[in-house]
Each structure stands twice: as structure tokens, then as C-alpha cells.
There are 2 protein chains.
Amino acid sequence: MSLRNTDVSAEVEHEATCTVLQVLERVSGKWSIGILLAAMNGPVRFTELERGINGISRRMLTLTLRNLERDGLLTRTVYPTVPPKVEYTVTEMARELYDSLRSLTAWAERNLDTIATARHTYDTAKR
Amino acid sequence: MSLRNTDVSAEVEHEATCTVLQVLERVSGKWSIGILLAAMNGPVRFTELERGINGISRRMLTLTLRNLERDGLLTRTVYPTVPPKVEYTVTEMARELYDSLRSLTAWAERNLDTIATARHTYDTAKR
DNA sequence: CGGAATCCCGCAAGATACTG
DNA sequence: CAGTATCTTGCGGGATTCCG
């Protein structure tokens, strides 16, 4: 985006920024992706997630699940049994999101070393 | 990922999570993407960014630029003139990252309405 | 089992002021 | 022009406790 002119192209790219940011907000947060990932291979129960995701607190699990459900990425199903049973299932939209995340993962894997080197160079140069 | 078993597939997916998270950490932060985007069409100067990116503070601009430079996503070039002139240029790695972000943007654009509806439904149902 | 409520803390980020 | 230095605040997230 040329910041010098004020034509439409700047607007377009600004909207692009916003769109990306909205995705990132949705997916950011320490646990969202982990939860989504854990639910990809079929319905998962609350306690399964709690045990399976390393380091997550009960609170954050609940909160993140609520947000994912709210955004329509997860479906919450309650079985009125005793003891209660609740299952979380990823929606089709979430699967598509996951597919999109793959290219990002691929980028990260390709450039992990480059970044590590860049950091090391930067850090040792400045000190 | 089946959280019940402890086979390799769980490990693979856990690593996938970590890789994605590393990307997100790099790109998260309120301003990183905006700055990257603004620098995509050629070298950009500090003040250009400050004026072009809506709402960014001088401090956050500096900090974000430093981090992007440190990770090798941006190159900082100083021209020892007076007044000083500094140009920031995206690296090839950053361009590839941007390309990867496109599929994410595409996903967001496809599902923006769906998400908005989901939220509204969720919010009105719970209240 | 699957939560909700409450308290607490660190850190990202804003505001403001000064400088080579 | 292109920063740095402080001070301050908001909020994400952890720990703990209680509940249907």
C-alpha cells in the first residue's frame, strides 16, 4: 500500500488488514487452535480436552469453548444424563479454517530456521 | 486428535499446534500485519507508517518494527543524511508469509456473515 | 462431570515527554 | 526525522473455590 497517495488501493488493503485481524482475533488466544485441533477428529468431551491439552486451566477451557461456540466454530451438545455428558464438535466452517491454517503452518516450517538465525544475528549484533 | 490414545498422531498434531502458534505469535500483536502490509509495495519510511496506520502510537510502531526486523521480516536501512532517513523493506520471507495469509483472509471473507449471524443467535439465545 | 464465580497478576499497549 | 524513556492502565489468563 502506498501511504503517499489516498486512492482506493489503500482502502482495499486497509480492509484486507481488518479482515485478517478479525480472523486472528478469533483464532488468537493461547488455546483456541489447540482446542479446535483436538476436536477435529470427532466429538470431544470437556474432561478429555482438559486432560489432553497440556497446561490449560479449567477456566480458560470454558471461556475458549464458549467463544468458539459463539462464533459458530464449535457445536455444544448436552446429553441430559447423570453424570452429565457434553460433547463439542467442530463445524464445517472450522474445518475450512483449519485447512487455511495449513499454509501458515507450512510457511512456519519452511522458515523456522531462517527466523531463528535472524534472531540470533540481530541479538548478538546489538549487544 | 484422539485424546484417548497416546500414539504418535497426537504428537504430530501437537507439533502442528506449536508451529501455528509460533506463526501467530510472530504476526499477532495489534500492529504487525498492518505494518507488513503497508511495506508490501516498496520501502516505507517511519513517518509514513506513523501517518498511514490509523491509531498507532510512536512507541508501538517502534517496538513492532524492531520485532519484525529481528525476525527477519523487515530490513531497516539508514541513510546517514540530515535530517535522518530510515527505510523499511519487506523481505522475501515476509512476502511468502503474506501469500499464506491470503487463504486466511479468503476464509474470513467467505464466513464473515455466518459468524456474525452465529454470534447474534448465540447472544440473543443466552439473554 | 462440567461448569460458574471470584481474586489476582503480568504484560501488551496507550499517553506523554525528551533527544541526536 | 526517527526515534528513546517513563509512567500508567486494561485485559488475558492463572489459581482457587463452590455448585447442579
Side-chain angles (χ1 to χ4, degrees), chain A residues 3-4 17 21-36 38-39 43-71 74-89 122 125-127, chain B residues 3-4 17 21-22 24-36 38-39 43-71 74-89 122-123 125-127:
Chain A
L3 294 167
R4 294 178 180 96
T17 311
L21 288 180
Q22 283 180 24
V23 185
L24 289 182
E25 277 169 26
R26 185 145 297 104
V27 158
S28 83
K30 213 170 167 180
W31 307 107
S32 302
I33 294 189
I35 293 178
L36 243 28
V44 191
R45 298 182 61 174
F46 188 90
T47 312
E48 278 185 277
L49 289 166
E50 193 178 7
R51 283 186 311 232
I53 299 180
N54 210 328
I56 195 169
S57 67
R58 199 160 229 147
R59 176 187 136 85
M60 285 318 294
L61 179 54
T62 304
L63 285 181
T64 310
L65 284 173
R66 289 293 167 272
N67 281 324
L68 293 175
E69 186 196 356
R70 189 171 103 101
D71 287 344
L74 239 43
T75 313
R76 182 169 179 267
T77 314
V78 183
Y79 299 91
T81 60
V82 44
K85 177 180 176 181
V86 179
E87 275 187 352
Y88 292 92
T89 314
Y122 183 93
K126 296 286 171 176
R127 175 137 314 268
Chain B
L3 293 167
R4 294 179 178 96
T17 312
L21 287 180
Q22 284 180 26
L24 289 182
E25 277 168 26
R26 183 144 299 103
V27 160
S28 83
K30 215 169 165 181
W31 307 107
S32 302
I33 294 190
I35 292 178
L36 243 29
V44 191
R45 298 182 61 173
F46 189 89
T47 312
E48 279 185 275
L49 289 167
E50 193 178 6
R51 283 186 310 231
I53 299 179
N54 210 329
I56 194 169
S57 68
R58 199 158 234 160
R59 175 186 138 84
M60 285 318 294
L61 178 56
T62 304
L63 286 180
T64 310
L65 285 172
R66 292 291 169 272
N67 281 325
L68 292 175
E69 185 196 357
R70 188 170 105 101
D71 286 344
L74 239 42
T75 312
R76 181 169 178 268
T77 313
V78 183
Y79 299 91
T81 60
V82 45
K85 177 180 177 181
V86 179
E87 275 186 353
Y88 293 91
T89 313
Y122 184 91
D123 291 345
K126 296 285 172 177
R127 177 133 312 271

Next on the checklist: Filter on salt bridge (charged side-chain N to carboxylate O under 4.0 Å, His left out), then keep only pairs touching residues 79-88 of chain A, sequence neighbours left out; what's left?
Outcome noted: Lys85(A)-Glu87(A)
Checklist entry - Can you tell me how far C1' of dT9(D) sits from NZ of Lys30(B), to the nearest Å? => result 13 Å
Checklist entry - Whole-Å distance between dA2(D) P and Ile53(B) CD1? => result 14 Å
Next on the checklist: Just to verify, what does Arg66(B) make a side-chain contact (heavy atoms from CB on, under 4.5 Å) with, not counting sequence neighbours?
Outcome noted: Tyr122(A), Thr62(B), Glu69(B), Arg76(B), Tyr88(B)
Next on the checklist: As an exercise, state the distance from CG of Leu74(A) to CG of Leu65(A), rounded to the nearest 0.5 Å.
Outcome noted: 6.0 Å
Next on the checklist: Under the rule for side-chain contact (heavy atoms from CB on, under 4.5 Å), what residues qualify as partners of Arg58(B), not counting sequence neighbours?
Outcome noted: Phe46(B), Glu50(B)
Item to check | Test side-chain contact (heavy atoms from CB on, under 4.5 Å) applied to Ser32(B) - qualifying residues, sequence neighbours left out | outcome: Thr64(B), Leu68(B)
Checklist entry - From Leu21(B) CG over to Trp31(A) CH2, what is the distance, rounded to the nearest 0.5 angstrom? => result 9.0 Å
Checklist entry - Which sits closer to the 5' end of DNA chain C, Glu87(A) or Gly55(B), going by the nucleotide each is nearest to? => result Glu87(A)
Checklist entry - What does Tyr79(B) touch in the nucleic acid at a heavy-atom separation under 4.0 angstrom: a base, only the sugar-phosphate, or nothing? => result nothing
Next on the checklist: Counting only heavy atoms and a strict 4.0 angstrom limit, can you tell me which residues of residues 59-70 of chain B come near DNA chain C?
Outcome noted: Arg59(B), Met60(B)
Checklist outcome for this item: For residues 21-32 of chain A, the salt bridge (charged side-chain N to carboxylate O under 4.0 Å, His left out) pairs (sequence neighbours left out) are Arg26(A)-Asp71(A)
Item to check | Contact summary for Val78(B) and Pro80(B), nearest pair of heavy atoms | outcome: O-CD, 3.6 Å
Checklist outcome for this item: One should read off an interatomic distance between Thr47(A) OG1 and Leu61(A) CG, to the nearest 0.5 angstrom, of 9.0 Å
Checklist entry - To the nearest angstrom, how far is Arg45(B) atom CZ from dG3(D) atom C1'? => result 13 Å
Item to check | Length of the line joining Glu25(B):CD and dG12(D):P, which is rounded to integer Å | outcome: 17 Å
Next on the checklist: Taking 4.0 Å as the cut-off, does a side-chain nitrogen or oxygen of Tyr88(B) come that near to OP1 or OP2 on dG3(D)?
Outcome noted: yes
Next on the checklist: Between P on dG12(D) and CG on Leu24(B), what's the gap in Å once rounded to a whole number?
Outcome noted: 16 Å
Report each atom pair, protein N/O against N/O of nucleotides 17-20 of chain D, whose distance is under 3.5 angstrom.
none

Item to check | Partners meeting side-chain contact (heavy atoms from CB on, under 4.5 Å) with Val82(A) (sequence neighbours left out) | outcome: none
Item to check | Minimum heavy-atom distance between Ala38(A) and Val44(A), given as atom pair plus value | outcome: O-CG2, 3.3 Å
Checklist entry - Going 5' to 3' along DNA chain C, which nucleotides are the first and last within contact of chain A (any atom under 4.0 Å from a heavy atom)? => result dC1(C) to dT6(C)
Item to check | Divergence of helical axes at both termini of the helix from dC1(C)-dG20(D) to dG20(C)-dC1(D) - five pairs an end, 10° steps | outcome: 50°
Checklist entry - Do you know the tightest heavy-atom contact between Leu49(A) and Ile56(A)? => result O-CG2, 4.4 Å
